[in-house]
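Let me begin by presenting the structure, written as structure tokens, before commenting on it.
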Number of protein chains: 2
Amino acid sequence: MRSDCPLNYGLEIFGDKWTLLIIRDLMFFGKRYYSEFLESAEGISTNILADRLNTLEQQKIITKKKSKLHKQKVIYSLTQKGIDLLPVIVAIGLWSDEYADNLNPHRDIVIGEAKRNYTQGIKSVKLRLQKMHLE
Amino acid sequence: MRSDCPLNYGLEIFGDKWTLLIIRDLMFFGKRYYSEFLESAEGISTNILADRLNTLEQQKIITKKKSKLHKQKVIYSLTQKGIDLLPVIVAIGLWSDEYADNLNPHRDIVIGEAKRNYTQGIKSVKLRLQKMHLE
DNA sequence: ATAAACCACTTGTATTTTACAAGTGAATAG
DNA sequence: CTATTCACTTGTAAAATACAAGTGGTTTAT
């Protein structure tokens, strides 16, 4: 670790161009399989995806388990630590909504209530996520 | 741009291990000079710092101007777009407070009121920042 | 039963980014 | 006039990323 600054702690884990996109896919788009992450618009490559999934598992932000129905499929899920990244993703999304043009508005994902004061929105989406990712 | 996702917009600009640390230094530690950013604990190298400062200026997140008192010094300041990154930094900080050990608590920077619902905290720090960075 | 396709990766290599050390030129201090 | 400060730039080695191809089990189709 480079310092004891909390911002730095986060950045050392997900300070890159891909990690939070994987979290987003788990969080908002309900993706769970390796192949599903590959389909996302940004076009992550296979080795980078494998690397990030491993790091996220080590950091206990996601868990990995084999599907019992399809033995060759691996199911990735968010842990509580992962779900708690929601405010980070929301904050970035709202900032981008404000300053970028021609984006698919973040509002559609976070829902209107969250715009002004998104604490409540975060709580409700969190609850939904906690139920959703049991399998 | 890799996609029209708002999260991705943000990540393409500050999705790395250094950019938000520079914003933090401007925002919380009142740093304004190139040499001051170099002094931070994480140890950014000179070429990376120069590169990030340029990108941030292009993105209109910071402005650059020569000091009138010291002609060899350059003053960096946050624009409104930069100040509005506060919620992102706060969100990362609070997450880290929750999940990392032995960190210098983010609370000390964001102040107690911000913990539960940091919207108000964000507003007050924002106001201070807007006044502070006029020169 | 066998072949084809699927799935989650791994491997190899070229390209890009980062880290580290040193250097530059203008400005200021002694 | 000399030394130091300041904001960088440059060169190069090391690391990370991108792209293409391959691997080894698993499931599907015939």
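Proteins get letters first, then strands, A, B, ... in listed order; numbering begins at 1 in each.
Rounded to whole Å, the distance from NZ on A/Lys17 to C1' on D/dA16 is 13 Å. In this structure, B/Lys73 places its NZ atom 13 Å from C1' of D/dT4, rounding to the nearest Å. Note: CG (A/Asp16) to P (D/dT17) measures 7 Å, nearest angstrom. D/dA15 atom P lies 15 Å from atom CD1 of B/Ile48, rounded to whole Å. Following rounding to the nearest Å, B/Ile75 (CD1) and D/dC8 (P) show an atom-to-atom distance of 12 Å. The distance from atom CD1 of B/Ile44 to atom P of D/dC8 is 13 Å, rounded to the nearest whole Å. D/dA7 atom C1' lies 10 Å from atom CG of B/Leu53, rounded to whole Å. If you measure from atom OH of B/Tyr76 to atom P of D/dC6, you get 14 Å, rounded to the nearest angstrom.
Side-chain atoms of B/Glu12 come within 3.5 Å of backbone N or O of B/Arg2 as a donor-acceptor pair. Checked by atom type and distance alone, the side chain of A/Lys17 pairs as donor or acceptor with a backbone atom of B/Gly15 at under 3.5 Å. Not one N or O on the side chain of A/Thr19 forms a donor-acceptor pair closer than 3.5 Å with the backbone of A/Phe14. At distances below 3.5 Å, at least one donor-acceptor pair connects side-chain atoms of A/Thr79 with backbone N or O atoms of A/Ile61.
Nucleotides of DNA chain C with any atom under 4.0 Å from a heavy atom of chain A span, from 5' to 3', C/dC6 to C/dG12.
Across all strands, A/Asp51 comes closer than 4.0 Å to no nucleic acid atom at all (heavy-atom distances). Using a 4.0 Å heavy-atom cutoff across all strands shown, A/Ser35 reaches sugar-phosphate atoms only and no base atom. Backbone-only engagement by A/Lys64 is indicated by non-hydrogen atom pairs under 4.0 Å involving sugar-phosphate atoms exclusively.
Side-chain atoms of B/Glu36 and B/Asp25, non-hydrogen and from C-beta on, never get closer than 4.5 Å to each other. Residues B/Tyr34 and B/Lys73 have side chains not in contact (no heavy-atom distance under 4.5 Å, counting atoms from C-beta outward).
Sequence order on DNA chain C of the closest nucleotides to A/Val74 and B/Asn47 puts A/Val74 first from the 5' end. Between B/Gln72 and A/His70, the residue anchored closer to the 5' end of DNA chain D is B/Gln72, taking for each the nucleotide with the nearest heavy atom. Taking the nucleotide of DNA chain D with the nearest heavy atom to each of B/Arg2 and B/Asn54, the more 5' of the two is matched to B/Asn54.
Taking only side-chain nitrogens and oxygens, B/Arg32 never comes nearer than 4.0 Å to OP1 or OP2 of D/dA7.
When all heavy atoms of B/Ile62 and B/Leu78 are compared, the pair lying nearest together is CG2-CD2, 4.1 Å.
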